[in-house]
Amino acid sequence: MTLTLSVVGCGYLGATHAACMSSLGFTVIGVDTDPNKVAMLQRGELPFYEPGLDTLLADQMKTGRLSFTTDFSAVKDADIHFVCVGTPQSKDGLAADLTYVRSAVAEIAPYLKDGSLVVGKSTVPVGTAQSLRDQLAKTAPQADLAWNPEFLREGFAVEDTLTPNRLVVGVANDRAEEILKQVYEPIIALGTPWIRADLPTAELVKVAANSFLATKISFINAMAEVCEAAGGDVTVLAKAIGYDPRIGNKFLQAGIGFGGGCLPKDIRAFMARAEELGAKQALEFLREIDAINLRARHRVIDVVRSELSEDLTKYKIAVLGATFKPDSDDVRDSPALDIAAQLQAAGAAVVVHDPKGIEPARKRFPKLEYTEVVNDAVKGVDLILHLTEWKEYRAIDPSVISGLVKNKIIIDGRNMLDRDLWRNAGWKFHALGRSD
Ligand code: UGA
């Protein structure tokens with residue numbers, strides 16, 4: 001039997017999942033409530049930047065297997081429904097806002113056919129899947145519900161979906177697992193580890209993974225603070241501890257910390273949920289992880305002040321990078337953009353450059369000045385901040401831009417630039433966690 005899939009919510013996760021599932025040969029119906037997004041996707045255009053996904057989407061639209069609509073009744077032909085809507089931080093606290101997940105399941109319930117399976121992929125507080133399953137038992141008892149957390153990284157979305165390092169499925173019975181095995185058969189055939197879990201464990205795997213990654217980053221940023229105090233170099237420290245395979249060298253890049261639509265809100269929602277469950281103390285450490293992370297942003301601003309002056313009103317600063325990480329146009333909770341806005345609020349004139357994120361950044365902070373040309377950004381500035389590690393910034397020749405700036409001072413907020421290169425060109429070079 002050839003399966004038909006629906007994907008409810010066509011943002012980052014959903015659009016990627018829909019295009020990738022189509023590329024595996026399934027008929028896929030994508031549903032989203034945003035008519036502009038749907039119109040773009042239906043034209044084969046991606047509403048955000050993600051390397052490789054633009055061409056995959058365009059190719060899949062040509063096959064006729066993939067379509068997008070705002071009409072929920074279109075899911076009636078599907079056997080499996082992937083719920084990929086967002087779970088942002090709620091406006092009034094740390095917890096996740098589950099409005100979209102709950103309404104997605106309620107919207108599709110009337111159209112679920114006999115034996116169909118709803119598969120949640122959104123990141124949710126533990127216990128959500130069971131409550132949705134209970135809800136479905138009342139509104140659509142002919143259907144079942146499973147949870148299949150997603151671990152894709154922005155910038156590697158296609159690769160992480162088609163060749164993930166593991167597949168985790170939370171199921172309440174063998175039948176649900178068998179259906180998911182049918183969907184993922186080509187990926188399982190690559191030797192991808194398959195982990196069957198119960199519903200709460202599957203939900204927890206996702207937030208545990210993101211909490212661990214956030215902890216690693218804040219750990220190395222805490223070491224950066226100690227290195228600065230003690231006269232050490234965090235880049236050498238990270239390299240040295242990273243050779244221990246028990247520690248590993250990934251996610252030990254010290255700098256201005258983590259941002260984006262996932263890590264920050266996931267650790268906060270996890271804390272809020274643990275408190276509800278009576279396990280608050282177990283996740284108290286995440287509060288410190290969050291605090292270290294936000295402190296890194298202030299530490300950069302402290303370096304700027306110590307280089308220029310406490311009063312920044314007479315100074316012009318170039319910020320290289322607006323997105324929360326390279327190869328993405330996502331500026332949600334971006335440390336780079338937050339720092340740029342804070343410097344402007346402190347009175348500095350700030351010019352922001354980013355290869356892909358200017359438009360989303362402008363929507364968030366319309367009063368910042370933006371340019372698409374690095375040389376324009378640095379013209380006449382008193383200081384340059386390197387805050388998102390786009391490849392093109394590592395290609396900047398410091399001797400070439402020396403003639404453009406007012407002062408040759410650069411702060412590397414990502415520990416990615418070649419310090420010797422900049423110093424040999426006569427620049428004052430600072431980096432977080434490197435006291436020299
Ligand atoms: C993260 C997880 O890595 C994915 O596995 C997960 O699926 C996703 O969240 C999600 O929950 O949907 P992503 O938000 O794309 O993916 O970004 P990461 O690559 O994890 O980077 C997060 C932040 O940490 C970025 O701001 C990055 O600059 C920062 N970072 C990363 C560091 O500061 N240092 C490092 O060593 C690594």
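Side chains of Glu307 and His430: a donor on one and an acceptor on the other come within 3.5 Å.
Trp427 is not listed as a side-chain neighbour of Leu417, based on a closest heavy-atom distance of 4.5 Å or more. With a 4.5 Å cut-off on side-chain heavy atoms, Phe26 and Val183 count as touching.
At least one donor-acceptor pair closer than 3.5 Å links the side chain of Glu228 to the backbone N or O of Gly433. Proximity of a side-chain donor or acceptor of Glu392 to a complementary backbone N or O of Pro355 within less than 3.5 Å is not detected. The closest donor-acceptor contact from the side chain of Ser435 to the backbone of Gly231 lies under 3.5 Å. In this structure, Thr388 contributes its side chain and Trp390 its backbone to no donor-acceptor pair below 3.5 Å. With Lys379 contributing its side chain and Leu404 its backbone, the two residues share no donor-acceptor pair below 3.5 Å.
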Using a 3.5 Å cut-off and no angle test, enumerate the donor-acceptor pairs between side-chain atoms of residues 94-102 and protein atoms at least two apart in sequence or in another chain.
unit_1 : atom_1 : unit_2 : atom_2 : d
Asp97  : OD1    : Thr99  : N      : 2.9
Asp97  : OD1    : Thr99  : OG1    : 2.3
Arg102 : NH1    : Ser131 : OG     : 3.3

List the atom pairs, donor and acceptor, that lie under 3.5 Å between side-chain atoms in residues 44-52 and the rest of the protein, sequence neighbours left out.
unit_1 : atom_1 : unit_2 : atom_2 : d
Glu45  : OE1    : Arg43  : NH2    : 3.4
Glu45  : OE2    : Arg43  : NE     : 3.2
Glu50  : OE1    : Tyr12  : OH     : 2.2
Glu50  : OE1    : Gly155 : N      : 2.7
Glu50  : OE2    : Gly155 : N      : 3.1
Glu50  : OE2    : Phe156 : N      : 3.1
Glu50  : OE2    : Ala157 : N      : 2.9

Go through the steps for Tyr184 and Met21 under the test side-chain contact (heavy atoms from CB on, under 4.5 Å), then give the verdict.
CA-CA 9 Å; Tyr184 289 125; Met21 291 302 109; 4.0 Å; yes
What do the steps show when you test Glu177 against Lys181 for salt bridge (charged side-chain N to carboxylate O under 4.0 Å, His left out), and what is the final call?
CA-CA 6 Å; Glu177 184 185 15; Lys181 275 192 170 159; 3.7 Å; yes
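Of all heavy-atom pairs spanning Ala224 and Arg299, the tightest one is CB-NH2, 3.9 Å. When all heavy atoms are compared, the tightest approach of Ser22 to Gln60 is OG-OE1, 2.6 Å. The shortest heavy-atom contact between Ala322 and Val352 is CB-CG1, 3.9 Å. The two residues Ser402 and Ala425 make their nearest non-hydrogen contact at OG-O, 3.9 Å. Summarising the geometry of Gly257 relative to Asn293, their closest heavy-atom pair is CA-OD1, 3.1 Å, with the distance given to 0.1 Å. Shortest non-hydrogen contact noted between Ala336 and Leu387 is CB-CB, 3.5 Å.
For Val400, the side-chain contact (heavy atoms from CB on, under 4.5 Å) partners two or more places apart in sequence, or in a different chain, are Asp397. With sequence neighbours left out, the side-chain contact (heavy atoms from CB on, under 4.5 Å) criterion links Arg133 to Gln130, Asp144, Leu145, Ala172, Asn173, Leu199.
Taking a cutoff of 4.0 Å between a charged side-chain nitrogen and a carboxylate oxygen, Asp333 and Arg297 qualify as a salt bridge. Ion pairing between a basic and an acidic side chain is recognised when a charged N comes within 4.0 Å of a carboxylate O; Arg268 and Asp290 show such pairing.
Considering Leu263, Leu204, Ile267 as possible partners of Ser211, the one that fulfils the side-chain contact (heavy atoms from CB on, under 4.5 Å) test is Ile267.
Residue pairs meeting the salt bridge (Lys or Arg N to Asp or Glu O under 4.0 Å) criterion with at least one member in residues 399-411, sequence neighbours excluded, are Asp382-Lys406. Residue pairs that meet the salt bridge (Lys or Arg N to Asp or Glu O under 4.0 Å) test with at least one member in residues 234-244, sequence neighbours left out, are Asp244-Arg246.
Once rounded to the nearest 0.5 Å, the distance linking CD1 of Ile384 with CZ of Phe429 reads 11.0 Å.
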